[in-house]
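See below for the structure under consideration.
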Amino acid sequence: DQQVKQNSPSLSVQEGRISILNCDYTNSMFDYFLWYKKYPAEGPTFLISISSIKDKNEDGRFTVFLNKSAKHLSLHIVPSQPGDSAVYFCAASFINFGNEKLTFGTGTRLTIIP
Amino acid sequence: DAGVTQSPTHLIKTRGQHVTLRCSPISGHKSVSWYQQVLGQGPQFIFQYYEKEERGRGNFPDRFSARQFPNYSSELNVNALLLGDSALYLCASTYSPNTEAFFGQGTRLTVV
């Protein structure tokens, strides 16, 4: 039972353009969402999070949008840079558990083309 | 400052054997969580420990067990290894539930 889904296993984007990564979830009780980035041979690194009381959160080049009615969130990276090439995981949790019990999606491999 | 450290980085075991994986959290972090990442999938939650007590358990069989020591380091034990246990095992530590979870580089377990 995949409660968090990332339907695009891979995405290629030209350097300088916008990268949009998508994530859907099925459990309406989730109220805290995160994006992680993973390079080969390294553990996942936290990027940005959003709680269900918001519909948008920005941090520099990264913006996460949450559509609760559609159970959908997306990560926008603008402008995309070569160092952004990595696997991106969407994760969901409950606000009381915070960052300690995360349900991850299957990941999207982002490749930035110079 | 040292990040989350896991040992060993790689190991190969035979079906039916037992394995112990180790994790040292960031200094000051009292919570440790374990995840299993099978190839092509996202990490899947196994256990969470806080102050030496189990606070959460994912959907894993009883062959999987863990513990946390007084210095907050943790061990993940897997008995009667199966081929399907081959995966990257990740450890994450947090200072508190609402602060960032920092992951180690993982232990790559191969069961043959």
Side-chain angles (χ1 to χ4, degrees), chain A residues 1-10 21-27 30-53 57 59 62 73 75 86-109, chain B residues 2-7 9-10 21 23-26 29-51 53-60 66 68 72 74 87-108:
Chain A
D1 177 25
Q2 191 69 33
Q3 296 190 69
V4 178
K5 301 175 186 178
Q6 293 176 255
N7 292 320
S8 298
S10 64
L21 296 97
N22 294 303
C23 176
D24 298 293
Y25 60 96
T26 57
N27 188 343
F30 286 137
D31 55 8
Y32 183 59
F33 304 90
L34 310 90
W35 284 93
Y36 278 82
K37 174 180 178 179
K38 187 177 185 304
Y39 293 118
E42 294 184 12
T45 303
F46 170 76
L47 269 178
I48 192 169
S49 64
I50 188 168
S51 71
S52 59
I53 61 171
N57 189 26
D59 185 2
F62 302 92
L73 63 157
L75 174 69
V87 177
Y88 288 77
F89 291 100
C90 167
S93 183
F94 307 98
I95 199 73
N96 289 338
F97 295 155
N99 292 284
E100 294 178 335
K101 298 171 192 172
L102 302 173
T103 300
F104 283 88
T106 52
T108 296
R109 181 177 301 279
Chain B
V4 178
T5 57
Q6 293 186 243
S7 63
T9 54
H10 296 84
L21 310 180
C23 171
S24 293
I26 290 173
H29 287 195
K30 298 181 180 180
S31 174
V32 170
S33 297
W34 287 94
Y35 293 83
Q36 180 197 64
Q37 185 182 7
V38 173
L39 195 62
Q41 301 294 317
Q44 187 173 358
F45 173 74
I46 310 175
F47 285 110
Q48 189 242 335
Y49 275 78
Y50 178 76
E51 290 278 15
E53 288 191 2
E54 181 182 306
R55 289 288 187 90
R57 183 185 183 115
N59 188 24
F60 280 80
Q68 187 177 33
Y72 305 112
S74 178
L88 179 68
Y89 288 85
L90 294 161
C91 172
S93 75
T94 54
Y95 176 75
S96 70
N98 296 317
T99 57
E100 179 183 342
F102 291 85
F103 282 82
Q105 85 283 7
T107 294
R108 171 74 60 188

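In this text, all values refer to a predicted model and were calculated from it rather than measured experimentally. So that the names make sense, note that chain A is the first sequence line, chain B the second, and so on, each numbered from 1.
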- Query: Which heavy atom of A:Gly43 sits nearest a heavy atom of B:Leu90, and at what distance?
  - Reply: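 Where A:Gly43 meets B:Leu90 most closely, the heavy atoms are CA-CD2, 4.3 Å.
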- Task: Starting at OG1 of A:Thr106, measure out to CD of B:Gln44 and round the result to the nearest 0.5 Å.
- Result: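 With rounding to 0.5 Å, OG1 (A:Thr106) is 12.5 Å from CD (B:Gln44).
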- Separation between NZ of A:Lys38 and CG of B:Leu88, rounded to the nearest 0.5 Å: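 One gets 5.5 Å once the value is rounded to the nearest 0.5 Å.
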- Message: Quick check against the 3.5 Å criterion: does A:Lys101 have a side-chain atom that pairs as donor or acceptor with the backbone of B:Arg55?
- Response: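 Here the side-chain-to-backbone pair exists.
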- Do the side chain of B:Tyr35 and the main chain of A:Phe104 share a donor and acceptor less than 3.5 angstrom apart?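 No, the answer is negative, given that no donor and acceptor are paired below the 3.5 Å cut-off.
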- State, yes or no, whether a side-chain contact exists between B:Gln105 and A:Tyr39 at a heavy-atom distance under 4.5 Å.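 A side-chain contact is absent here, since even the closest heavy-atom pair is not under 4.5 Å.
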- Is there a side-chain contact between A:Leu102 and B:Pro43, using heavy atoms and a 4.5 Å cut-off?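 A:Leu102 vs B:Pro43: side chains apart.
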Where does [X] contact chain A at under 4.5 Å (heavy atoms): side chain, backbone, both or neither?
| X | value |
| --- | --- |
| B:Gln48 | side chain |
| B:Thr99 | backbone |
| B:Ser96 | backbone |

- Residues, nucleotides or ligands: over 12 heavy atoms within 6.0 Å of B:Tyr95 OH: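 Atom OH in B:Tyr95 is not crowded, with 12 or fewer foreign heavy atoms closer than 6.0 Å.
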- Message: Can you confirm whether B:Glu53 is buried at CD, in the sense that more than 12 heavy atoms of other residues, nucleotides or ligands lie under 6.0 Å from that atom?
- Response: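 For B:Glu53, atom CD is not crowded (no more than 12 foreign heavy atoms under 6.0 Å).
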- Query: What about A:Tyr36 and B:Phe103, are their ring centers closer than 6.0 Å?
  - Reply: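 Yes - the distance between ring centres of A:Tyr36 and B:Phe103 falls below the 6.0 Å cut-off.
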- A:Phe89 versus chain B, the contacting section by heavy-atom distance below 4.5 Å: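 Looking at A:Phe89, just its side chain touches chain B.
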